[in-house]
Structure formats: structure tokens, C-alpha cells
Protein chains: 2
Amino acid sequence: MVDRAERSKWVSKDARRRDIVAAAIDSVARVGFADTTLATVAREAGMSQANLLFHFKSKDALLVETLRHVSAEFAETWQSALAKAGTDPLARLLALVGASFSPKVCNRKSIAVWHAFYGEAKSRPQYLKICGANDHERYEATTQACRDLLLAEGKPPDGASDMARMIEGLIDGLWVDILISPDMANRFEAQRIVLLQLRILVPDRAADIDAWEAANARRRAPAP
Amino acid sequence: MVDRAERSKWVSKDARRRDIVAAAIDSVARVGFADTTLATVAREAGMSQANLLFHFKSKDALLVETLRHVSAEFAETWQSALAKAGTDPLARLLALVGASFSPKVCNRKSIAVWHAFYGEAKSRPQYLKICGANDHERYEATTQACRDLLLAEGKPPDGASDMARMIEGLIDGLWVDILISPDMANRFEAQRIVLLQLRILVPDRAADIDAWEAANARRRAPAP
DNA sequence: GTCTATACGGTGATAGAC
DNA sequence: GTCTATCACCGTATAGAC
């Protein structure tokens, strides 16, 4: 049990750490991972370099925490979408797709940050572990939805993991497109492509996918 | 017209630059982009830092040249595969897929280097331009093959660009998997997934895809 | 908690010998 | 061409005042 003063101190300390992590994300997005220094983060956070190292014991620790935060934020997005999706396997799959292209996670800044860490992952086991866990968790959720969907369709569920790889792989690849070719690719276009693929993968439910896409479009541009 | 001595000097100079670029690639793959310094490259190349700057006017210029080299190497791989593929649109599409998963370009070191530059691309316009041009060129080639394939099948070619996005996107996404989850994904598995997708996209030619896959497997493990 | 001042090593780049 | 020696600067991290 902590008294109010102590708790408020803790909350404040934690809030400060969040501010710093947010600044680190902005810095990585703006100047890149390689050029992100304590100075750039401090500037973005509006505080001194020394204060960064008061809240995090080193630059490395700060960056690891930043990656963890980005990863957790993404996980929360698709997990909460899944929680709201009900029990229909297709609805769950669509929720996962929708979450992957929600503005919160699918914007150029977030994708750039994500890929900045991907780029360093091979040479930093800690990054690799966090990125890998993230990917794996989402892949498991997708596989589960695919399996349920196949079973609901009366098909053998053996193909679920391959199906999940096709969906997840395509999403990841389209993210790269959005990062590298922002003129050609955006989250709406990308989601359209994934839904196209989904219709081919589950032709029997094409109508349901149409309906979901229409509802999705309506949600962002309410009818006149 | 250059005399032999002068040409040999030029060739030697060019060869030296290639050595340095190769060392830069090794360094980026081993210690990452952020930790790649003139010292790490010089060490990898077995020469002094000063010599690096004799051949390239700056570290930045060296890294740009390195990205160009990686990009050109990849382009040559799929272009040469395409040149050998004949005229059948499906064969050309399969050539592009095969090139994307050939050991020359689809190994963890190359993918790591590639993504290291991707990670920095948003904050470095020069990198973005090179990466974007690379992606675009390959996308155009794939779209062309898809269009020809659809026409050959007697279908409207309107869906060619979407089809190309599905294929290219999936390939890019699976590359990420190989980088991040090397235990789960490798180039054989990844190619298998893309071929699975291709069979769904072009069901009429499934048998041809089977045959290509079988021939491909035979090529790497000759019959007893 | 947050700051300024500072230590210290490593970084990209240059000068000049060979 | 390639090296060693050296430069000025900038990076992370710490000390200590407030």
C-alpha cells in the first residue's frame, strides 16, 4: 500500500518517462535511428540531456524502452480490436486487418520508427527478441482466427498457418510500401489490397467482406 | 581512348571501391547501420580509415554508394532471371519470384542490410529515392507480367496492378519474417507461401506452378 | 527532479611522409 | 595509393549546485 504522496510521485515519474519515450519516438522518426542522440531527444522533450539519464540509466535503456512501448501500443491496438470483434472468425480476422491499418499504428511516422528498430534488430539481440515476440503473438492470433474460419467453413484447418502467413506477410509488405513509396501506397489502398486477398482466400464470405469494407468506409466519412 | 596503363589504374581503383563497399555491407550487417563507422569499415576492409576517404570523399558518399550497389545487385538478379524466362507470362512471374528468393539476395545478411537502409530512408531523402526507385522498377516488371498473364487467360487486365501489389507485398513481408524470425521463416518456406498464393491467384495454371516448384527443388537437390 | 558544467572517448576528416 | 599522426568536434555519461 502506497500513500497518496508516494503514488503521485510514482505516477509523475512514470508520466515523465512516457514523455521522454514519446520524444524518442519523434526523434527517431524525424532524424532517424542513427542520428538520434541524447541531444535530439532532449530537445524534442524540452528538457536537458542529464534529465534523460536521470529517468533512464543509459541511452540504450531508453531506446529499448521506446521499442517496448511501440510494440506494446501495437499489441494493444489489435488486442482491443479483437476483444470488440465478437466470435465470428471472419469478423475477428477483419478486426486484425483493420487494426493493422488503423491510423494509430499505420502512419508513416510509426512505420518509420518500427522499421528503424527492424533495421538494427539483427545486430541487437534485445531488439530482435522484442520484435520477434511482437510478430509471433500477432501471427498466433491470426492463425487462430484462420483455423476457426476454416472449421466454420467445413474445411480442414491444416492450411490455417499458411493462410495466416499470407495475410500477415502481405500486411507487413504493404507497410514497407507505405514507408518507401508514400505517393503510391497509403493505408486505405493497402487495406483494400488485403481485403482483395481475403476475398480470394475465403470466396464464400466475399459478401461479408464487402459489407465490412463498406461499413469501414462509412465510419470514416459519415453519410450526408 | 585510354591506354592500358591508365585503364588498369582505373580498373584497380574501381576494384578497390568495390572492396570498400563490400566491407561496408559486412559492417552494416554485423554491427548495424548506427554503429557502422569508418573504423568498422576500415577494419572489415583491412585498410586504414584515411584510405577509405581517399576512395570516397566522405562517409556519407560511401554509404550512398553502398546502398546503390545493393540495389543494383538486386535489380540485376531479377532482370537476368527475367531475361532467361522466355515469353510465357507465368514463367516470367515465376522467374521474378524465384529471383526474390535466390540465395544471392534472400539471405539474412542481405535482408538486414536492406532493412538497415529502409530504416533510415524516411529521414534521408537520398536513401528514400534509391529504395523507391528499386521498388518501383520491380513493381512495374511484375505488373507487366501479371497483365500479360491475365490477357493470356482471356481475363480483363485491369486487376494486374492489384495482383502485382499482392505478390510484391507478400514477398517484402516474408523478407521481414526471415529477418526477424529466422527460426520460423526461411527462403524455402517463404517461396512456398508465395507459390501457394500464386496458385490461388491463377488457379488455371496450378499444374504449371507445381511443375516449376518441383524443378526448382530438383535443382537444389539433384536426384540420386 | 532538473539544471549547468565538465570529463572523456570516439568520430569524421585532413596533412603530410613514404 | 596507402599509411600514421593529428585535429576539432560531438557523443555519452557523471558531478554537483539548486
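Small disclaimer: the values here were computed from a predicted structure and weren't measured. In what follows, chains carry the letters A, B, and so on, assigned in the order in which the sequence lines appear, proteins first and then strands, with residues in each chain numbered from 1.
Proximity note for B:Leu53 (side chain, C-beta onward) versus D:dC3, C:dT2, C:dA13: the nearest is C:dA13. The B:Ser58 side chain lies nearest to C:dA13 when the options are C:dA13, C:dT2, D:dG1. Nearest to the side chain of B:Lys59, among D:dG1, C:dG12, C:dC3, sits C:dG12. If you check D:dG1, C:dA15, C:dC3 against the side chain of B:Ala50, the one that comes closest is C:dA15.
For the pair B:Gln49 CD and C:dT11 P, the interatomic distance rounds to 8 Å; values are reported in whole Å. The distance from atom CG of B:Asp19 to atom P of D:dG1 is 14 Å, rounded to the nearest whole Å. One interatomic measurement links the two molecules: CG of B:Asp14 to P of D:dG1, which rounds to 12 Å at whole-angstrom precision. Regarding A:Arg17, its CZ atom lies at a distance of 13 Å from the P atom of C:dG1, rounded to whole Å. The CE-P distance, from B:Met47 to D:dT4, rounds to 13 Å in whole Å. Rounded to an integer number of Å, the gap from CZ of B:Arg16 to P of D:dT2 is 4 Å. Remark: P of D:dT2 and NZ of B:Lys13 are 11 Å apart, rounded to the nearest angstrom. Between A:Asp35 atom CG and C:dG12 atom P the separation is 11 Å, expressed in whole Å.
Under a 4.0 Å N-O distance rule, the pair A:Arg165/A:Asp162 does not qualify as a salt bridge. A salt bridge links B:Arg124 with A:Asp35: the distance from a Lys NZ or Arg NE/NH1/NH2 to an Asp or Glu carboxylate oxygen falls below 4.0 Å.
Near DNA chain C, meaning a heavy atom under 4.0 Å from it, residues 37-46 of chain B has B:Thr37, B:Leu38 in order of number.
With no hydrogens or angles considered, a side-chain donor-acceptor pair links B:Ser27 and B:Thr36 at under 3.5 Å. Between the side chains of B:Ser48 and B:Asn51, no donor N or O sits under 3.5 Å from an acceptor N or O. With hydrogens and angles left out, the side-chain atoms of B:Gln191 and B:Glu213 include no donor and acceptor closer than 3.5 Å. Between the side chains of B:Ser181 and A:Asp135, not a single donor N or O lies within less than 3.5 Å of an accepting N or O.
Summarising the local packing, CZ of A:Arg43 is surrounded by 12 or fewer heavy atoms from other residues, nucleotides or ligands at distances under 6.0 Å.
Residue A:Asn51 places no side-chain N or O under 4.0 Å from the OP1 or OP2 atom of C:dG1.
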